Structures are given as structure tokens and as C-alpha cells.
Amino acid sequence: MTPSADLAVVGAGPAGLAAAVTAADRGLRVVLLDAGERPGGQIHRHAAGQAHPPSLHGRRHFAPRARRLAAHRRAGRVTHLPAHHVWTVVPHDGADGAWALHAVAGPDEAPATVHARTVLLATGAYERHLPFPGWTLPGVVGAGGAQALLKSGLVLPGRRVVVAGSGPLLLAVAGSLAAAGARVPAVVEAADYTAYASGLPTLLRNPGKLAEAALHGGTLLRHAARLLTRHAVTAAHGTTRVEAVTVTRLDRDWRPVPGTSRRVPCDALAVGHGLVPQLELATGLGCATRRTPDDTPALVVDADQATTVPGVWAAGETGGVGGADLALTEGEIAADAIAHALRGTPRDPRRTAALTRRRARLRAFADTMAAAHRPGPGWTGWLDDTTEVCRCEEVTAGRVREAVADLGAHDARTVKLLTRAGMGWCQGRMCGQAVARLAGEPPAPDRRPLSCPVPLGHLAAPPTTDPTDRGARA
Amino acid sequence: MIVGAGVVGAACAYYAARAGLSVAVVDRGPVAGGTTGAGEGNLLVSDKEAGAELDLALLSTRLWRELAEALPPRDAIEYEPKGGLVVASDGTALTALRALAAGQRAAGVTAHEVAPGELARLEPGLAPGLAGGVHYPQDAQVQPARAAAALLRAARRMGAAVRLGEEVTAVLTGPDGTVRGVRTPRGDLRAPAVVNAAGTWGGHVAALAGTRLPVMPRRGFVLVTEPLPPGFVRHKVYAADYVADVASGSADLQSSAVVEGTPAGPVLIGATRERVGFDRTLSTEALHRLAARAVALFPALERVHAIRAYCGFRPYLPDHLPAIGPDPRVPGLHHACGHEGAGIGLAPATAVLVTAALTGAEPPVPAAPFRPDRFTP
């Protein structure tokens, strides 16, 4: 039996794509598995029929790598498996690799298993949501989700869209919405940009990032959007869909300041509190985690992007949310390191030094952002007891508070056991952050032995063949 | 002083407080933080052969029915007297199942044989071609974490002190070896009686008291499906070979699956039995076997998604019986642990036995088979 792959890359966003093409450049046989239909991940979403995502970043960084990927696929160095949801990675005792990656493939949910000598986890991040009264109304969308909708088909969530939450994404979303023709009456940011002052040297070392921010800011100014810092949308109102939001001033700890609320009419609200790394495949393997400056779990990686589990590397948001440039850089570092580890491929010291410097600069910027936009403990003050926290299982803040105050739950896991919060279809991706904070603890690393729903028939069937072998046999 | 805030510790607190004793519960974690939180909430008589454990289970069945009424608010513990249905795939299995049921009937269990043609009336989704089955109307279910929390809350309302997030680091003894209380990082807690309700970690608490109880972890995986319409699975349904798996002492993976619906909609499929220490690594082989068994019983499950899987560690004692009652080797130390996969079901009867020993009352069933010192070499 021949080794089916030197490297399996999970995720074809910027980190996974960069790693896959770089590893193939170095002569490795690579399998690239991704839940999406096309490479690019969440950031480089593109509309059906569109060759490349329309953004500047897309043209400069995505397009050349997509072309390299296509060339490697034709040459048989990369097997790209789109629409493959990897649900677990487990050690594999066989001549064809040290790891088995089990996936649910395609619209007919076929089982697929890939074996590889090494694994790179580039599973990205998902949006952090903090609930508030009315957040389940139609017309309330995730800020990242609104951005994705715009990218994939230029669909506007509404004509008059309030953008709220916290994080650098808000300005980008507001800018995109305005550019696409929506009115943005207000951008409501819970943090205070003065928090950036402490990170000023870091900011100045990232002129590209500042230019990006200035660009978004300029777009907003042209469209007369109002930026309110240290404010939050503390309620959304409407009957069949959102008609207005309540905007309230916050104190330093994000507690709503009484008497400062005002109503802002709108027909949509795009709200998000930044991103959190998607870690369950890594934690399932036993990879150690750390906390980023906003108390979010992220993977521990070394200078080569290796996790604490030998044979498993990680790049991009899994190591702490930091954006596409950092993800690309980390993907390249990881690919060089894996090629060196497997084949002894020499590493160009100048390239390594440049990549390492770039990573340090971008990581420092990410840490500054995370610290500035870290959710304050007082946000729970805008929840009333009837606010639904877990939407899948319809668990209210009142029931979570009862479990904590009255039933002996001191952590999110026990709240989940007692209330079912986080047991539904999304497995706590939507409410996990909020439940943990209501239970009085920072969110624990994701633990989901099944990373996505798996048909029982698929589990019940005898072990499946490796889809990458098809190419080998053909 | 009760060590452990799982369902057994919570039940001990409840019955001891109800008997007028002054009670405190201490646990290093939250309520239901160990095996209780990973349990399915099986209250089974069907899987036990006639004997001491079945007597305990029958008593518990009655007590859980009372608790479902007594613990506020209504439906706090999600008690469901849904009944169990054990099915036999062939004539050999049916013969063994009939023999088991005959013995159980003699011990007081209600068990109705179900002809092959009648199975579909009880469970419309069952696979065709089964040889027959036995219906056990006394089998029931509770939501285990809620049950433990409700018992503990009720105990607290009767005056019990509950100290969560506080780990017992020593069992205090006097010069004559008599138990005097426990030590935690927050100080010494004095009590003339200490109840070891630490479940799978009961061997560790016994060691702190200077004695030995050979509790070992026996791992189980449970698969949870997406929510399904009510009535998809109506009883606790399992194949007759489950009983043999429960009784097996082998460390190897055993995988007969109990399939059941829940009030919230998901179907639970569990659980495997395997002695591999405290290893939480996902076993794809365990999931494969559970799914294969469940689909064999209910073919329509094939297209249903598993959305979650989890594992827990049953407190296993070599003869599959729990350790309940005073430990003659350490005066003042009582045990209430080692229930393997039956801890939720046996919790109230265990607590009644422990309370009887603490108050000097006559136990409602003989406690001798559960003597904690029976493993002494």
C-alpha cells in the first residue's frame, strides 16, 4: 500500500490554500479538504459564476494561489476535495499514514476517509454572538453573515441597516453595505477606540492595516454613517421583522448606562462581536489551547506552526483570530516546516526570517485588536430573563440564570446539562460564548467529538475507502 | 458529610436530610459533573437478573415514582415511565430472554412476552423479522443531571449545606482511626460520618480514608441524533445480548445499544462498555458499532444524523454490584459508589440504605450483598 498523502489540509481559506500550494511547491502530495464548494474560505466568498472574489485582497492574494492550486491539481500533486465536511481526525495505525480524516462528502452525504502522514488544521473561525432582547427577529443578521451575503450575490439584508457589535469587521461591513447602496444610519461599537492607544506602536508597524481602516472610514464618511463608540444595540423591536433598535451607552465594563437609550429606526441590523477560532477537530486530537487577549481559546503553536500533538500543524484563525494576511503567512511557514520535517527539504533562511517577522507583526496587531474589543463583563446587563440565549433549544437567559443561582451549575457544561442550552443543531456555536459568560467563566475550548452532523448509516457502514485512492487507481 | 454531588450523593443528601440528619455535600466540581452528567437516565429492572441488585432496582423504581411527584417544580426531573422493550433476533436469544424474564417475574418484575407480530404495535419502527421480545412496563427514565440538581436543591431547602468546587484532600480521623470529617483547601469540615459518593473516583476517596475499594472506570460512548418527531422510538429498546454485555467482566469493547427517544426530540443510542482507563479520545470503532446496532433495530435511523457524541466513565466494581453501607475497616466511613451503569436507577434505594445505616433504622432490603469490604483479599 502506498502512502496516499504526505499532508492533509483541512480548510481551503487563506491559511489552508497557502499551505496546500506551498507544500505542493515543495514536492509534497497534498489532499485539501474543505466544506465549501470552492477554495477561498469565508473571506474569499464569491458569487456563483464569478471566477474570483471581487475584493482587492482577492485579486492580489487569492487569484494567484488559486491558479497555482489548479496547476498542482492538474499535475496530480494536490487532490482538492470540495464539499467535504471533516467530522473527526483520529490517529490511524497503517502504512498509508498516521492520521485518518473522516468526512461527510457532497450533497448526498457520502462517507469519505482520507489517510495522511501529517495534518494541517486551517479550520478558520466562526462569528461571536452576544444575545440581546429581539435578536431572533427576522432582519437581524450576523455582521460576518451580511458581509458573506454581499460577497456571494450582492444581497442586501435591508435598505436601512444599523451595524453593531464590536471589532474591526464592523467598519468593513458598514462600508460594504453603504457601497452596495444601503443606508447605514449608525455604526454602534461597544468598545472604545481609545483602547487602541495602548497598542499604538503595533498599529504604526502595520501601515497596511491602518490604510484598510482609513479606507472603510472614508467610505462611511461619504455615506454619512454615524459612528458611536462605547454604545450597544441593547434591544431590537418589531413584530414580523425588525423595525427599530434601542441604542444605549455603555460604561467601561459594557454595562448599559440607565437613561441613555434612544431608538433608531431601521429595517435590518447587522451585528457581530468578532470571530472565535473553530477548534473542535484540534481539541479532539488533544491539541493544547491558550487564551488570546479577549479570553478566547486558540491553539498553542510553536515557531513552525506545529501544535502540541506531533504530526499536527495549524495555521490561520485556529491559532488566534488575525485575518487573511496572517493566515497566508502562517500557512506558508507551516508548509515549509512540514516539507522540512517529512522530506528534509531545506528552508531558505531569508524567506523564513521574513515570514517570521511578518507573522510577529501581524500577530501583535491581532492581539491589540483582541484586547481592545474584548467583551466587557457587563454585557449580560442588557439581557432580560425572557431573552432567548440558545436559539436551537429555546433556552432563555432566565433559565440559564436559574441553573447557575439555584441548581448548582458553575460552568457552561453543567448549564448545558441542566437546560439543554447548546445541545441543538449548532452545538453551541451560536450560544456557547454567551452561556459561558452567564455561568461566570471565560468560554472553554470547543469540544465536539462530531464536528458536523453525520448520518447514522454512514457510521454504521463498514470502514470506507480513501477517495484519494480513486485517482491513484484511475 | 457526603463527598460527591452526582445523583447518588444528591439522593443521599435528600434522604438523610429528610430523616432529620444534619447534612453537608462537598464536590470538587459542579453538580452532576462526573458520570451522572454523562448518563442516559436509565431506570431499568429489565437488564438485571434476579438477585440483590434487582431487589434494589425494584425499590428504586418505586422511589423514583414518588420523587417525580415530590420534587418541585412539576416535571423537574423529566420522569418518564415509558417502559422497556427487549427484543430477540433469533430463537436462541429468545429462549435466553424467556429464561431471564421468568426469573425476574419470580422476583416481582412485571414482564410481558410480546409475539413477533405484536412488536410493531409497541414500536412501529422496529426492523421486521425479529423472533420476539419482552415488554417491561416498570422501566423508566429521568434526565440525570436535572434529577441530581433537583434532589440537591430539595436537600438544601431542608437545611443541607452544599459546597461545590471544593475538593476533598484528606479524610480526617481520630487517634482510634474513627472518621472525624474531611479536609478541603477551604478548611476542615467536621462530621462523625463521611459518605463516599464519589462514583468512579470512589476508590480515590477510599484511599484518602486509608482503605481500599477497587472502583475502575468503564468507558461508554453515547450517540445523540437530531431531534425526531415524537413516537419515533417509544420505549427503551434494546437487543437481548445487552444483558450479557452488562454482566460481562471483560475489558474489551462491548457495544449492544439501548435506543430511546427523549422529550426534547433527539434519540439516544448508548452505550458501549470498555475498560480503557480515563481516556476521552473518540473511538470511531465504538461509534460504528453503536450506529450499526441501532440501525439494525430501527432501519429508518440510517438516514438520521448523529449531531453529538460523548463519553463517560462508569464506576465499575469487579462483581458489578455497588458498595453501599458502613465500612467496618474505617469506623464512620460509609460508601455509596460503584454502581457501574445503574447509578441513576439505583440512587434513591442506595440513599435509603445509607440513611438507614446512619440512623440505625432497619434497611428495606438486605444490605449485606453490597458490603464495601467484600473485596478485601
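A quick note: this is a predicted structure, and the numbers were derived from the prediction, not measured. Proteins get letters first, then strands, A, B, ... in listed order; numbering begins at 1 in each.
Pairs of residues two or more places apart, or lying in two chains, that qualify as side-chain hydrogen bond (donor to acceptor under 3.5 Å, both in side chains) and include a residue from residues 280-290 of chain A are Glu280(A)-Arg429(A), Glu280(A)-Arg448(A), Glu280(A)-Ser451(A).
Rounding to the nearest 0.5 Å gives a distance of 4.5 Å between CZ of Arg308(B) and CE of Met423(A). Atom OG1 of residue Thr262(B) and atom CZ of residue Arg420(A) lie 5.5 Å apart, to the nearest 0.5 angstrom.
Both the backbone and the side chain of Ile307(B) come within less than 4.5 Å of a heavy atom in chain A. Contact of Pro266(B) with chain A is made through the side chain alone, with heavy-atom distances under 4.5 Å. Contact of Arg157(B) with chain A is made through the side chain alone, with heavy-atom distances under 4.5 Å. When heavy atoms are compared at a cutoff of 4.5 Å, Asp411(A) approaches chain B solely by way of its side chain, counted from C-beta outward. For a residue to count as touching a neighbouring chain, one of its non-hydrogen atoms must lie under 4.5 Å from one of that chain's; by this rule Val295(B) touches chain A with the side chain only.
Using a 4.5 Å heavy-atom threshold, the side chains of Leu459(A) and His288(B) count as separate.
Of all heavy-atom pairs between Pro449(A) and Ala309(B), the closest is CG-O, 3.1 Å. Shown here for Val31(B) and Ala409(A), the closest heavy-atom pair between the two residues is CG1-N, 4.3 Å. Among all heavy-atom pairs drawn from Ala32(B) and Leu417(A), the shortest one is O-CD1, 3.9 Å. The two residues Gly408(A) and Pro30(B) make their nearest non-hydrogen contact at O-CB, 3.7 Å. In terms of heavy-atom proximity, Arg153(B) sits nearest to Leu407(A) at CZ-CD2, 3.6 Å.
Here Ala264(B) is the residue among Gly165(B), Ala148(B), Ala5(B), Ala264(B) with the most heavy-atom pairs under 4.5 Å with chain A. Top candidate by heavy-atom pairs under 4.5 Å with chain A, chosen from Leu301(B), Val224(B), Leu287(B), Asp27(B), is Leu301(B). If you tally non-hydrogen atom pairs under 4.5 Å between each of Val90(A), Asp406(A), Val104(A) and chain B, the highest count goes to Asp406(A). Among the candidates Arg280(B), Arg303(B), Arg156(B), the residue making the largest number of heavy-atom pairs closer than 4.5 Å to chain A is Arg156(B).
Applying the ring-ring contact (aromatic ring centres under 6.0 Å, His included) rule to Phe313(B) yields the partners Phe278(B); only residues at least two apart in sequence or on another chain are considered.
Remark: Asp108(A) CG is packed, more than 12 non-hydrogen atoms of other residues, nucleotides or ligands lying under 6.0 Å away.
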(request) Let me see the working for Thr225(B) and Leu456(A) under side chain to side chain contact (heavy atoms under 4.5 Å, CB included), right down to the final yes or no. (result) CA-CA 8 Å; Thr225(B) 74; Leu456(A) 283 171; 3.9 Å; yes
